[in-house]
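All values derive from a computational prediction rather than experimental measurement. Below, read A as the first sequence line, B as the second, and so on, with proteins coming before strands; counting in each chain starts at 1. Just so it is clear, the values below take in all heavy atoms, side chains as well, and ignore hydrogens, waters and symmetry mates.
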Amino acid sequence: MQDPQFEHITSQDRLSEVIEKDLKKRDIIAIDTEGTSLDPYANKLLLLQIGTPEKAYILDIRKLKDFSLVKELLEDPKRLKLTQNGKFDYEALKVSLGIAMKNIYDTMLAEALLNAGLESSPRLSSLKLLAKNYLDVDLKKEIRETFMAGGKITKDQLEYAALDVLVLFPIFGKQYAKIKEKSLTKTAKLEFAVLPVVGEMELRGTAIDVNKWRTNLESLKIKRDEMAKKIQSEIRPLYKNSQADLFGNMGNVVNLNSQKQLMELFNDKLGLELPSTGVSFLQKAHHPVAQLLLEYRGYEKLLSSFGENLISKINKKTKRLHPDFFQLGTATGRFSCSNPNLQQIPRDATFRSCFLAKKGYKLINADYSQAELRILADYSRDPAFVKAYRENADLHTLTASQMYNVPFEKVTKEMRQATKTINFGLMYGRGAVSIGIQIGISADEAKKLLDKYFKTYEGVKKWLDKAAAEAVQKGYAETRIGRKRWFTLPDKSDPSYTREIGSIERAAKNHPIQGTSADMTKLALVFINARFEKEGINGGIVHTVHDEIVSEVIEEQAELASKIQQEEMVRAGETLVKNVPIVADVAISDVWGH
DNA sequence: AGAGGTGGTG
DNA sequence: CATGCACCACCTCT
């Protein structure tokens, strides 16, 4: 990789020539862009590198006008494009040149699949590390920053830009062999198909009613401050420095956000001997100050996590929120979301209803009904579980009636709640002790209940045990499409061997369930996006939360789009889950939530 | 800067 | 023997 071959394209004629004479004949090309910003809406595109195995063409965007041939080349579904974090380039090209890249192999996503679940896997997939590990080439990434200034293109910058696409070919060769060897082709194809959908989703962003959001914050602030004042005056007598200051104000004696000071308060001053200041212990304390603190925490949490900071992320140009969706942000294949994380907005309508459709548009809220439990039923093929879903019976009530040996109609709320806790707990590999605590029964009683459960649902038990054993034996667990989650097995001599294995077993029971649910949602995103495009829907997907997909579409097409969305979610589910029906609930609304 | 605690989501 | 999956944001403290 010394002396990379490249050509700096600055004239329209030469651009047409290299496309006609060289690039059009290539089945595989590599794509990268350089610009002045990471925000596609603020970005000024400077370079577009189109690589072949032998040579990189570096298009000088500011010196060229007509990109129609480039568009044809990049949107051609038959030609494979190699990218590294192609979501960024997809968005940059879409906004700057109106080009929507198709048929992508992304080295970053592929590498994430090869390392899913392993420590620091996200850090293992930078181009610098890929080049080092696959090719033993040292890439200097410092030059990247120099593009931000947007000045004249230098020779160093050209060499850097060329290398970024040239290395992708040999990396692709070796990496794709690994993908095939580990039977990850299906998963990789799904991830690559999702990439442009995620790009579109991020570009579209979500509208937020700032005034409503701020009004909510104001009332929360008042309540929080009231609560803080109450607590301070309640505990002030316990502290020496409790006099009013020169102006007659009573000072704060503790910082209510300081875990350390709170422990001092509860244990030294109040003698409660709390092991921590977490919710469960504060509740059990049955102390007025603990109660007040819980209430204070509730408000403070909402204000700090979902306050002004979220509003500050609104894009200047679009006036909307454009969070980062990282499609392989988790070990199981789920999305993670940040800046801001719209996957953790409180369920409470006061918050969710602030996210709304733009004028003349509607939001389509859709989610899978009990996706994970249906997947567990499908995997285990447990007759009782499968029957419940086939007959569209309420699973929790049905399991309760069998466990407690009472007719379906005689199941009490408490019975249903207890079995519901077990049903969900199973998917986390949860044990009798922790289930007992939550239901409010002794560990012994919980164990009896679990034994009875597994006697009734032998298939479930068998499948869970097998999932755990196979993972420990193979070193990985996998989903319905073969998405792997890798485990680092501890050494037998490790003092924490048993604990480590236990943790692996729980994750291994969970991965096929959570991961297949993620596969399903991703497939649905691809299906919905394609159908919306095909049927000319004015609008698109704006948000996804694990088993939920939200779209924003023009009012006149809301009915049609909601039908499409539901159909495609079910179709995606049914391609992965065969023994149990898949149900998706849809609602058309002006705001997020049902 | 990074760890630990706390708490929001599915 | 102990035994709850997957995340991200904010706070304080070191």
Side-chain angles (χ1 to χ4, degrees), chain A residues 116-117 122 254-263 274-282 293-294 296-310 312-313 323-348 351-352 367-373 375-376 421-422 424-438 443 446-447 450 464 467-468 471 477 479 485 495-518 521 543-549 592-593:
Chain A
V254 297
N255 177 346
L256 297 179
N257 294 328
S258 165
Q259 140 86 1
K260 201 177 149 200
Q261 292 179 37
L262 287 173
M263 286 297 273
L274 299 182
S276 97
T277 66
V279 177
S280 62
F281 297 109
L282 290 180
L293 182 66
L294 279 171
Y296 166 85
R297 281 243 182 101
Y299 300 131
E300 171 63 16
K301 168 76 180 182
L302 297 171
L303 282 164
S304 61
S305 288
F306 310 105
E308 265 330 290
N309 275 339
L310 187 134
S312 74
K313 306 243 163 53
D324 295 326
F325 286 93
F326 184 18
Q327 66 187 84
L328 290 173
T330 71
T332 55
R334 275 187 178 178
F335 281 94
S336 72
C337 179
S338 59
N339 299 312
N341 181 0
L342 293 193
Q343 294 186 326
Q344 62 175 157
I345 299 298
R347 293 200 59 113
D348 192 295
F351 285 90
R352 296 223 167 169
D367 59 1
Y368 283 113
S369 155
Q370 298 187 342
E372 299 197 342
L373 279 173
I375 290 165
L376 174 57
T421 302
I422 296 180
F424 280 116
L426 292 173
M427 299 187 294
Y428 310 143
R430 209 173 170 182
V433 176
S434 95
I435 285 179
I437 289 170
Q438 190 177 333
K447 189 156 184 319
L450 265 184
L464 288 168
T479 68
R485 188 231 163 106
S496 53
Y497 177 80
T498 321
R499 194 160 46 80
E500 297 283 331
I501 289 288
S503 154
I504 288 172
E505 285 177 339
R506 288 192 299 276
K509 290 172 183 173
N510 182 250
H511 175 75
I513 301 171
Q514 190 185 122
T516 299
S517 167
T521 300
H543 192 22
T544 176
V545 197
H546 312 312
D547 61 356
E548 176 183 3
I549 297 173
W592 182 23

Inset, instruction - Treat primed atoms plus P, OP1 and OP2 as sugar-phosphate and everything else as base, then score nucleotides 8-14 of chain C 5' to 3': B for base contact with protein heavy atoms under 4.0 Å, S for sugar-phosphate contact only, - for none. - result: BBSSSSS
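Enclosure of atom NZ in A:Lys447 is not indicated, since only 12 or fewer non-hydrogen atoms of other residues, nucleotides or ligands lie within 6.0 angstrom.
For the pair A:Met427 CE and C:dT3 P, the computed distance is 21 Å after rounding to whole Å. Between the CG atom of A:Leu373 and the P atom of C:dC5 there is a distance of 17 Å, rounded to whole Å. Atom pair A:His546:NE2 and C:dC7:C1' shows a separation of 6 Å (rounding to whole Å applied). Rounded to an integer number of Å, the gap from A:Ile504 CD1 to C:dG4 P is 16 Å. The distance from atom CD of A:Glu500 to atom P of C:dT3 is 14 Å, rounded to the nearest whole Å. Note: CD (A:Gln343) to P (B:dG8) measures 17 Å, nearest angstrom. Between A:Phe325 atom CZ and C:dA6 atom P the separation is 21 Å, expressed in whole Å. With rounding to whole Å, A:Leu274 atom CG is found 14 Å from B:dG5 atom C1'.
Counting only residues at least two apart or in different chains, salt bridge (Lys or Arg N to Asp or Glu O under 4.0 Å) contacts with residues 337-348 of chain A are absent. Listed by first and then second residue, the salt bridge (Lys or Arg N to Asp or Glu O under 4.0 Å) pairs that reach into residues 297-309 of chain A are A:Arg214-A:Glu308, A:Arg224-A:Glu300, sequence neighbours excluded.
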Inset, instruction - Show your working on side-chain contact (heavy atoms from CB on, under 4.5 Å) between A:Leu310 and A:Ile345 and close with a plain yes or no. - result: CA-CA 10 Å; A:Leu310 187 134; A:Ile345 299 298; 3.8 Å; yes
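Within 4.0 Å (heavy atoms only), A:Ala331 reaches sugar-phosphate atoms of the nucleic acid but no base atom. Contacts of A:Ser517 with the nucleic acid, taken as non-hydrogen atoms under 4.0 Å apart, are absent. Across all strands, A:Val433 comes closer than 4.0 Å to base atoms (heavy-atom distances). Counting any heavy atom pair closer than 4.0 Å across all strands shown, A:Gly278 reaches sugar-phosphate atoms only and no base atom. Contacts of A:Ile435 with the nucleic acid, taken as non-hydrogen atoms under 4.0 Å apart, are absent.
A:Arg430 and A:Gln438 form a side-chain donor-acceptor contact under 3.5 Å, judged by distance and modelled atom types alone.
Straight-line distance between the C1' atoms of B:dG8 and C:dT3: roughly 25 Å, to the nearest whole Å.
Taking the charged nitrogens against the carboxylate oxygens, A:Glu372 and A:Arg334 do have a contact shorter than 4.0 Å, which makes a salt bridge.
Side chains of A:Leu328 and A:Phe335 form no contact here, defined as non-hydrogen atoms less than 4.5 Å apart.
With the nearest nucleotide of DNA chain C identified for both A:Ser503 and A:Thr498, A:Thr498 has the one nearer the 5' end.
The shortest distance between the side-chain N/O atoms of A:Arg506 and the OP1/OP2 oxygens of C:dA6 is not below 4.0 Å. The phosphate of B:dT6 (OP1 or OP2) has a side-chain N or O of A:Thr277 nearer than 4.0 angstrom. A:Arg297 has a side-chain polar atom (N or O) that falls below the 4.0 Å cut-off from OP1 or OP2 of B:dG7.
Side-chain N or O atoms of A:Gln261 include none that pairs as donor or acceptor with a backbone N or O of A:Leu256 at under 3.5 Å.
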